[in-house]
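Every chain is numbered from 1, with letters handed out A, B, ... down the list of sequences. Values below: all heavy atoms of this structure, side chains included; hydrogens, waters and symmetry mates excluded.
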Protein chains: 2
Amino acid sequence: MKNYSKQREAIITVLRDMKTHPTANAVYEKVREIIPNISLGTVYRNLAALRESGDILAISIGDGFDHFDGDKKPHIHLHCRECKEITDLYMTEDPAGEFATSQGFVPDTSVYIVSGICKDCISKQENQI
Amino acid sequence: MKNYSKQREAIITVLRDMKTHPTANAVYEKVREIIPNISLGTVYRNLAALRESGDILAISIGDGFDHFDGDKKPHIHLHCRECKEITDLYMTEDPAGEFATSQGFVPDTSVYIVSGICKDCISKQENQI
DNA sequence: AATAAAAACAGTAATGATTACTGATTTTGA
DNA sequence: TCAAAATCAGTAATCATTACTGTTTTTATT
């Protein structure tokens, strides 16, 4: 087999357990709790490889960092333009993936990002009137 | 009114007309045909502002560049891991946006990226057997 | 159409997230 | 057990993007 190292194993574990959408640096900080002398370059290299192979997702919301996600169950990333939070919203199916399949494309990962204003920020705006 | 300049106008026009998913630099090259002495910084500044305001989309596929898209009609970006092409697949509705709405989120833009292997690359693989 | 404040610009310098490099270590497959 | 292949830690380099500065354009008001 190829592609094994305890560093990669730890990175995957950390990503599967984190419910946030950490940056490469946040993953690095977390993995150091398991492997204290892991290198930041190793984290970047493995995140890039895992993304390329479709084992993890990467999402971009315009804050200058890539955010990573170890959860491949179909879900939407609700990105609030106000508070900048990313919240997960789970779907029972993957509509885009299924539509892609029907067109002859063979999908393996789907990234959904819906930007707008979240429930909480709408309440706050209404209270200000 | 605010936010007007002929540079921004030209950037929007170029993005609406391009059917590809250009990088900031590709937008810059194209806009220079209209405004030869426009600055690359101006292109970046406007692309960031237009993205922030939800007037254009940005998509990230892991090649180190942000790609921009002036088309807000609901569509999926089919990203082939083999040939790296991004193809548009139009939907009649925006399933994730509608689902988000039903949960109290107020959406304004949706980005869909489905990664996998495109029709053409599958044919090529089959021919190789 | 004159004017002043605000916004945006061109051009350039700086930043910093990410990638590349090198010699050491780990993993793999026989 | 051993050698080739892969990965690593640590560090240096890259380069897409952002910030800065003095100038020009736009806006809003008279």
B:D108 and A:R81 ion-paired at < 4.0 Å: yes

Euclidean distance, atom CG of residue B:D63 to atom C1' of D:dA16 [Å, nearest integer]: 11 Å

Check: A:D120 and A:C83 side chains under 4.5 Å, non-hydrogen atoms: no

Of A:K6 and B:K6, the one whose closest DNA chain D nucleotide lies more 5': A:K6

Which nucleotide in C:dA10, C:dT19, D:dC8 has an atom nearest any side-chain atom of A:Y44: C:dT19

Nearest-nucleotide pick for B:T42, side chain only, options being C:dA10, D:dA16, C:dA8: C:dA10

Nucleotide nearest A:Y4 (side chain, heavy atoms from C-beta), chosen from C:dT28, C:dA8, D:dG10: C:dT28

Minimum-distance nucleotide (side-chain atoms of B:L40 versus C:dA10, D:dT17, D:dA9): D:dT17

B:Q7 vs C:dA10: side-chain N/O to OP1/OP2 distance below 4.0 Å: yes

Member of A:H77, A:K72, A:K73 meeting the side chain to side chain donor-acceptor pair (under 3.5 Å) criterion with A:H75: A:H77

A:S5 side chain, from C-beta outward: closest of D:dA9, D:dT7, C:dA10: D:dT7

Short side-chain N/O contact to C:dA8 OP1/OP2 from B:N3, under 4.0 Å: yes

Student check: side-chain heavy atoms of A:Y44 and A:D66 closer than 4.5 Å: no

Atom-pair distance (CZ on B:F68; P on D:dT17), nearest Å: 7 Å

Closest nucleotide among D:dC8, C:dA8, D:dA16 to the B:R45 side chain: C:dA8

Among C:dA10, D:dT17, C:dT18, the nucleotide that comes nearest once only the side chain of B:D66 is considered: D:dT17

Any B:N25 side-chain nitrogen or oxygen under 4.0 Å from OP1 or OP2 of D:dA16: no

Phosphate contact (D:dG10 OP1 or OP2) by A:N37 side-chain N/O below 4.0 Å: no

